[in-house]
Amino acid sequence: MSKVQNIKGMRDHLPQAMLLRQHILTVITRVAERYGFEPLQTPVVEYAEVLEGKLGDEEKLIYRFEDHGGRRLALRYDQTVPLARVVAQYGAAVALPWRRYAYGPSYRGERPARGRYREFYQFDVDIVGSGSPLADAEIVALLTDALAELGFPGFTTLLNHRQVIGGIARVSGLDEEAAGGVYRAIDKFDKLGADGVRQELLRAGVQPAAADHILALVQIEGEPDAVLAALTEQLAGDARASAALDNLRAIIAGLAAMGVPAERFRVAPRLARGLAYYTGMVFETITPHWPEGSLLGGGRYDELIGQFAGRPVPTVGLAFGIDRLHDVMEELGLGPRTTSTAMAYVTIFSAELTGASLELARELRAGGVNTLVSLDPAAGLGKQFKEADRKGVRYALVLGPDEVARNEVVVKDLRAGEQRSVPREDVLAALRG
RNA sequence: GUGCCUGUAGCUCAAUGGUUAGAGCGCCUGACUGUGGAUCAGGAGGUUGUGGGUUCGAGACCCAUCAGGCACCCCA
């Protein structure tokens, strides 16, 4: 193919997009480190068998290939399985509990759509080696802080537990085998409504009475305590579900104690989530501004790492979908509208004064001011101002013969359209002020 | 992976199967004094996503392919 083109479902991020993405990354990193999380980076490529057998149905989406030596390799599907590999591989070198964050691309061979790509970036935070409900709560508290700091309006985290869903299926007379289709049907509640889900359930082979029972349970809404109380009553006969509800109660108590506002989370028995490795609490964060999917999701997976390590390592974590956060923020006009990394543009008045301008630029940079300098001494000031303006730089500086003679610099605020002459030694202060 | 829709200038879009495919915005040059935006005058920019086919004639119709969007599926 001679065509100049990028791969389907994989995007180039031009400077304006990158500046917003970096802002998102900076905010989330700051929040994660505020909670004491530590960075980890792993390769994009893993041995195929590392990824296989952990993802259930989704395994067909893994990109696989052979290297020059005939080894079966795969592009990572997420950053959770690589984390499990690392924990198993380095043993006591990582002290548990371990709070880890990781940022990078993952790959899934899906049909691309809005907010969904074949190469996509996730920011993962996980707490490895703790089964405490405080760990679950901390993950949710962290994401709430991060989204609030990014300026997201009206987001809510829906909480559920794998064994609550399991209990609903069991109490309705279904075996674990039939439960898969039930989960998928339940998960579509917001999209299909009660009648639609009922039809799906019947299609999955659920008896009408059982379907009605499931629907009744799944539709329980209200304050977390009230929802939990109602579910406790309905699922009293199921020991695992009862334990799960106690677990959710402890997590919610933790959230309150950590200062997470009550309007930021709800208990939603209809939340299912697809990834096969979740074992405990599951959650996803939604916003009315992104109706077709979640901003991020996660949960507790107590057995995945054990598959590698040979010992139980309870873990809870989440993945921020950076591409989605970016798309939503762009649509809502959130975040900085920066188009340049530079704050100042130093013009060059003439070939003879090139040295003076470069010297000024060097001083500004030494003083911590991001500075762009003209590359064309032959260009008129008008053209240079235009370049500065187009780049979105706020200040243009002029150092002509008059300024040199008076040891001054003209500082022009391109946004305000005003300019003034300041003594050379005050330029840094003028730009910072 | 399945179905539907779309692809024309850097961007947003025009053009009944019929001359040399147009407009707005943007871009470049100049009017402009040592100065961006505003105004005016010029200018550049297209193998109509790509490859086949039908036709006297295709941007338009057909097939394939690539890319994007929507609905499934699933998910970040």
Side-chain angles (χ1 to χ4, degrees), chain A residues 1-12 14 24 28 55-61 76-80 103-124 143 180-181 183-185 187-188 191-192 196 200 271-276 278 282-286 290-299 317-328 345 347-350 353 374 379-404 410-421:
Chain A
M1 196 201 314
S2 64
K3 200 164 176 182
V4 178
Q5 186 168 58
N6 56 331
I7 302 290
K8 181 192 183 90
M10 304 197 184
R11 303 186 298 168
D12 299 314
L14 297 180
I24 294 169
I28 299 177
L55 301 166
D57 289 346
E58 299 181 41
E59 206 156 296
K60 59 177 188 272
L61 301 177
R76 69 176 172 216
Y77 179 89
D78 62 18
Q79 299 193 98
T80 307
Y103 170 74
S106 296
Y107 300 84
R108 297 181 190 179
E110 291 185 286
R111 187 80 174 261
R114 191 176 74 131
R116 178 193 213 174
Y117 307 97
R118 288 183 173 175
E119 177 185 68
F120 60 100
Y121 284 76
Q122 290 183 318
F123 190 106
D124 278 35
L143 81 85
Y183 299 160
R184 279 193 290 277
D187 203 32
K188 290 182 202 164
K191 197 182 282 185
L192 299 179
E200 289 265 320
L271 175 68
R273 293 194 56 73
L275 283 174
Y278 289 121
V282 292
F283 63 90
E284 66 186 37
T285 302
I286 58 170
W290 189 265
E292 299 299 331
S294 56
L295 287 175
L296 56 88
L318 75 84
F320 291 90
I322 299 300
D323 300 273
R324 270 185 199 179
L325 291 177
H326 174 266
D327 288 356
V328 177
Y345 182 103
T347 58
I348 296 180
F349 189 84
S350 64
L353 289 172
S374 171
L381 280 183
K383 195 172 176 185
Q384 298 185 42
F385 279 128
K386 189 162 186 169
E387 183 187 347
D389 184 48
R390 229 179 23 204
K391 287 288 177 193
V393 179
R394 172 131 190 212
Y395 297 102
L397 309 192
V398 180
L399 199 51
D402 297 349
E403 286 76 23
V404 169
V410 166
V411 176
K412 174 159 179 153
D413 184 334
L414 292 173
R415 209 175 300 168
E418 296 159 355
Q419 70 178 50
R420 63 199 167 108
S421 228

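- As the counterpart of B:C27, B:G43 is assigned, both hydrogen-bonding distances of the Watson-Crick or G-U wobble pattern falling under 3.5 Å.
- When distances run from any side-chain atom of A:E110 to the nucleotides B:G36, B:A76, B:G34, the shortest one goes to B:A76.
- Residues A:L381 and A:F349 meet the side-chain proximity criterion, which asks for heavy atoms closer than 4.5 Å.
- Using a 4.0 Å heavy-atom cutoff across all strands shown, A:F349 reaches at least one base atom of the nucleic acid.
- B:C61 is paired with B:G53 under the criterion used here, namely a Watson-Crick or G-U wobble arrangement in which both key atom distances are under 3.5 Å.
- In terms of heavy atoms, A:V398 sits closest to A:T347 at CA-OG1, 3.5 Å.
- In this structure, A:E403 contributes its side chain and A:V410 its backbone to no donor-acceptor pair below 3.5 Å.
- Comparing B:G36, B:A76, B:G34 by their closest approach to the side chain of A:Q122 singles out B:A76.
- Ranking B:C27, B:U35, B:C70 by closeness to the A:L381 side chain, first place goes to B:U35.
- When Watson-Crick and G-U wobble pairs are counted only if both distances are under 3.5 Å, B:C75 pairs with no nucleotide at all.
- Side-chain atoms of A:Q79 come within 3.5 Å of backbone atoms of A:Q122 as a donor-acceptor pair (strictly under, hydrogens ignored).
- In summary, A:R76 and A:D124 do not engage in a salt bridge, as defined by a charged side-chain N under 4.0 Å from a carboxylate O.
- Listed nucleotides: B:G34, B:C4, B:C75. Nearest to the side chain of A:R111: B:C4.
- Judged by the 6.0 Å and 45° rule, A:K391 forms no cation-pi pair with A:Y345.
- In this structure, A:L296 and A:F283 have side chains that are in contact, with non-hydrogen atoms separated by less than 4.5 Å.
- If you check every strand for non-hydrogen atoms under 4.0 Å, A:Y121 touches nothing.
- Taking atom P on both nucleotides, B:A71 is separated from B:G53 by 38 Å, rounded to a whole Å.
- Among the atoms of the strands shown, none is found under 4.0 Å from any heavy atom of A:G380.
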All N/O contacts under 3.5 Å from nucleotides 29-31 of chain B to the protein, with atom names and distances to one decimal?
from  : atom 1 : to     : atom 2 : distance (Å)
B:U29 : OP1    : A:K383 : NZ     : 3.0

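- Residue A:G298 is classed as having no contact, given no heavy-atom separation below 4.0 Å to the nucleic acid.
- Residue A:K386 places no side-chain atom within donor-acceptor reach of the base of B:G37, judged by atom type and a 3.5 Å distance cut-off alone.
- Of the listed nucleotides (B:C27, B:C75, B:G34), B:C75 has the atom at the smallest distance from the side chain of A:R108.
- With hydrogens and angles left out, the side chain of A:R324 and the base of B:C75 share a donor-acceptor pair within 3.5 Å.
- Summarising the geometry, atom CZ belonging to A:R118 is positioned 7.5 Å from atom CE belonging to A:M10; distances are rounded to the nearest 0.5 Å.
- Ring-plane geometry between A:F123 and A:Y103 is classed as tilted, the angle between the planes lying from 30 to 60 degrees on a 0 to 90 degree scale.
- If you check B:C70 for Watson-Crick or wobble pairing at under 3.5 angstrom, you find it paired to B:G3.
- Under 4.0 angstrom from either OP1 or OP2 of B:G1 there lies no side-chain N or O belonging to A:R118.
- In this model, the phosphate group of B:A67 is approached by a side-chain N or O of A:K8 to a distance below 4.0 Å at OP1 or OP2.
- When distances run from any side-chain atom of A:P112 to the nucleotides B:G69, B:U35, B:C28, the shortest one goes to B:G69.
- Nucleic acid contact class of A:Q79 (heavy atoms, under 4.0 Å, all strands): none.
- Comparing B:A38 with B:G26, their P atoms sit 7 Å apart, to the nearest whole Å.
- Spacing of P atoms, B:U6 relative to B:C61, comes out at 9 Å, to the nearest Å.
- If you check distances only, the side chain of A:R415 never reaches the base of B:G37 with a donor-acceptor pair under 3.5 Å.
- No hydrogens or angles were tested; on distance alone, nothing pairs the side chain of A:Q419 with the base of B:G34 as donor and acceptor under 3.5 Å.
- Here, B:U8 and B:A14 have their C1' atoms 9 Å apart, quoted to the whole Å.
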